[in-house]
Every structure is written in structure tokens, then in C-alpha cells.
Amino acid sequence: MSTVQTTNINVNIINFQDAYTSLGMGTIPAGTSVANGVAAIEKALIANLMSKWPASYPASEPNQVDDGIMEPWSSNVAGTAPVCLVNQITTDFNSWQLPYNSDLLMQMGNEITTEIAANGGQTGYFYGQTSLAGSEKIYWGVAYTTAVVIGPPSNATGVIYAFSAVLGLN
């Protein structure tokens with residue numbers, strides 16, 4: 001089995017075909033490395049996320065998008081804010097110079113995992129708004145798909161996702 005280390009997560013290609021198919025990417029080309037497979041999925045997620053950005057939101061920022069892998073995914077993750085997700089969003093907000101507080105990050109993490117669970121872990125996307133102090137609001141979106149990201153014997157499922165956020169006023 002082919003594996004690659006991505007952000008301290010061992011990823012394999014056991015069921016990437018489902019992710020490719022659900023994202024309209026066709027068949028995985030023969031000889032595709034796991035690293036290239038993950039990168040292709042992340043690129044497709046980013047494209048879907050940005051192309052469906054709500055017109056009612058402030059304009060998306062092409063430099064304010066990131067991707068990652070959240071694992072392991074199980075039913076008990078729904079409605080929680082996994083540390084790996086909160087850490088990545090914190091890093092993104094710092095990099096993008098967006099204001100935040102820990103409550104905002106926890107609320108976003110809870111909403112993201114709840115929505116993924118409500119969608120049965122199938123490939124999807126959704127957008128949210130989280131208010132800050134005063135009239136500021138963070139407008140954000142996430143696109144995601146699930147895949148086996150840890151090989152045998154556990155074959156743990158993870159979520160490959162793309163995330164973006166912008167600051168706006170109420």
C-alpha cells in the first residue's frame with residue numbers, strides 16, 4: 001500500500017476513488033502517488049468552495065484559503081471542535097490577520113463537524129457566519145470529503161477539507 005505523511009497524518013490511497021468520483025474528477029490516473037492524490041482532492045475542494053461562495057457574502061479572498069486533513073473521523077466527533085481543526089483555523093486566522101477569539105473557533109469547529117455528520121460524511125460544502133464584537137462578522141466556508149487516511153489495521157476514516165474565511169460588517 002502506498003502512503004505519504006501529510007501534516008503528521010499517514011495517508012493511504014485505499015478508497016480515494018470514492019472521493020475522486022464524488023468530486024467529478026473521474027478515475028485516479030494509474031501511477032498517481034498518494035501525495036499527488038491528496039493534492040488533487042484538495043485542489044478540487046478549493047475550486048468547489050470558491051466557485052460556490054455565496055453572492056451575499058463579502059468577496060472571497062484567493063489568498064485566504066487553506067486545506068487539511070481531520071482524523072480520525074467517527075460519529076462521536078460530530079458537534080465537537082477537534083484540536084487539529086481549531087489549531088489549523090487559528091493558524092489561518094493569524095496568517096490572514098483576521099480577528100478571532102476561542103469561542104468563535106470552538107463555535108466554527110462545532111458547526112463544521114455537525115454539518116459533516118448531518119451529511120453522512122458524504123462529499124459536500126457549506127457556509128457559515130460567526131459574529132464578533134460590534135458589527136464585525138466572519139464569513140466562512142468549508143468543502144470536504146471523507147477517505148480512509150490511516151491504513152490497516154485500523155483503516156481510520158478522515159475528512160479532507162478546504163476552508164476559507166473573510167471579515168465583513170453586519
Side-chain angles (χ1 to χ4, degrees), residues 1-74 77-78 81-82 84-93 95-96 98 108-130 138-151 155-166:
M1 169 180 38
S2 180
T3 63
V4 67
Q5 183 78 13
T6 303
T7 318
N8 299 321
I9 298 170
N10 288 317
V11 178
N12 69 52
I13 202 157
I14 288 176
N15 75 344
F16 275 22
Q17 186 56 61
D18 291 342
Y20 265 62
T21 300
S22 66
L23 289 165
M25 299 168 59
T27 303
I28 298 173
T32 298
S33 70
V34 176
N36 288 342
V38 170
I41 289 169
E42 290 171 339
K43 182 178 178 181
L45 289 170
I46 289 168
N48 284 346
L49 178 67
M50 301 313 273
S51 70
K52 295 171 174 53
W53 192 260
S56 62
Y57 280 21
S60 62
E61 293 287 340
N63 295 326
Q64 290 182 192
V65 65
D66 198 8
D67 50 65
I69 299 174
M70 180 175 31
E71 65 79 25
W73 178 262
S74 62
V77 174
C84 62
L85 179 63
V86 172
N87 289 345
Q88 183 155 6
I89 294 172
T90 301
T91 300
D92 290 339
F93 276 40
S95 175
W96 302 336
L98 292 176
M108 290 172 66
N110 293 343
E111 288 183 45
I112 289 169
T113 59
T114 298
E115 180 65 27
I116 292 170
N119 196 36
Q122 301 297 310
T123 298
Y125 60 91
F126 73 101
Y127 302 88
Q129 303 172 23
T130 307
I138 297 291
Y139 295 84
W140 53 273
V142 63
Y144 56 88
T145 191
T146 56
V148 172
V149 296
I150 298 177
N155 287 332
T157 299
V159 176
I160 303 172
Y161 66 92
F163 175 80
S164 185
V166 296

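Worth knowing before you read on, the calculation uses all heavy atoms, side chains too, and leaves out hydrogens, waters and symmetry mates.
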Quick check: closest heavy atoms across [X] and [Y], and the distance to 0.1 Å?
X    : Y    : value
P29  : Y20  : CD-CE2, 4.2 Å
A19  : T146 : CB-O, 4.4 Å
M70  : Y161 : N-CE2, 3.9 Å
I69  : E42  : CG1-OE2, 4.4 Å
G37  : T32  : N-CG2, 3.7 Å
A165 : I138 : CB-CG2, 4.0 Å

Can you name the side chain to side chain contact (heavy atoms under 4.5 Å, CB included) partners of [X], sequence neighbours left out?
X    : result
K43  : none
N119 : Q122, Y144
T90  : V86, N94, Y100, L105

Under 3.5 Å, side-chain donor or acceptor atoms of residues 109-117 against the rest of the protein: list the pairs with distances, not counting sequence neighbours.
unit_1	atom_1	unit_2	atom_2	d
N110	OD1	A81	N	3.2
N110	ND2	M106	O	3.3
E111	OE2	Q107	NE2	3.0
T113	OG1	V77	O	3.4
T113	OG1	G79	N	2.9
T113	OG1	T80	N	3.2
T113	OG1	T80	O	2.7
T113	OG1	G109	O	3.2
T113	OG1	N110	O	3.3
T114	OG1	G79	N	3.3
T114	OG1	N110	O	2.7

Separation between CZ of F16 and CG of N36, rounded to the nearest 0.5 Å: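 The CG atom of N36 is 11.0 Å from CZ of F16, to the nearest 0.5 Å.
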Check side chain to side chain donor-acceptor pair (under 3.5 Å) between [X] and all other residues, then give those that pass, not counting sequence neighbours.
X    : result
S164 : none
T91  : none
D66  : Q88

Check the side chains of Q17 and T21 for a donor-acceptor pair under 3.5 angstrom, ignoring hydrogens and angles.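 The answer is yes; a qualifying pair exists.
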Between F93, F126, W96, Y125, which is the residue that forms a ring-ring contact (aromatic ring centres under 6.0 Å, His included) with W140?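 Filter result, single survivor: F126.
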Could you tell me which residues satisfy ring-ring contact (aromatic ring centres under 6.0 Å, His included) with W53, sequence neighbours excluded, listed by chain and number?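 Listed in chain order: Y57, Y127.
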Name each donor-acceptor pair under 3.5 Å that joins a side chain in residues 44-52 to protein atoms two or more places apart or in another chain, with its distance.
unit_1	atom_1	unit_2	atom_2	d
S51	OG	A47	O	3.1
S51	OG	N48	O	3.2

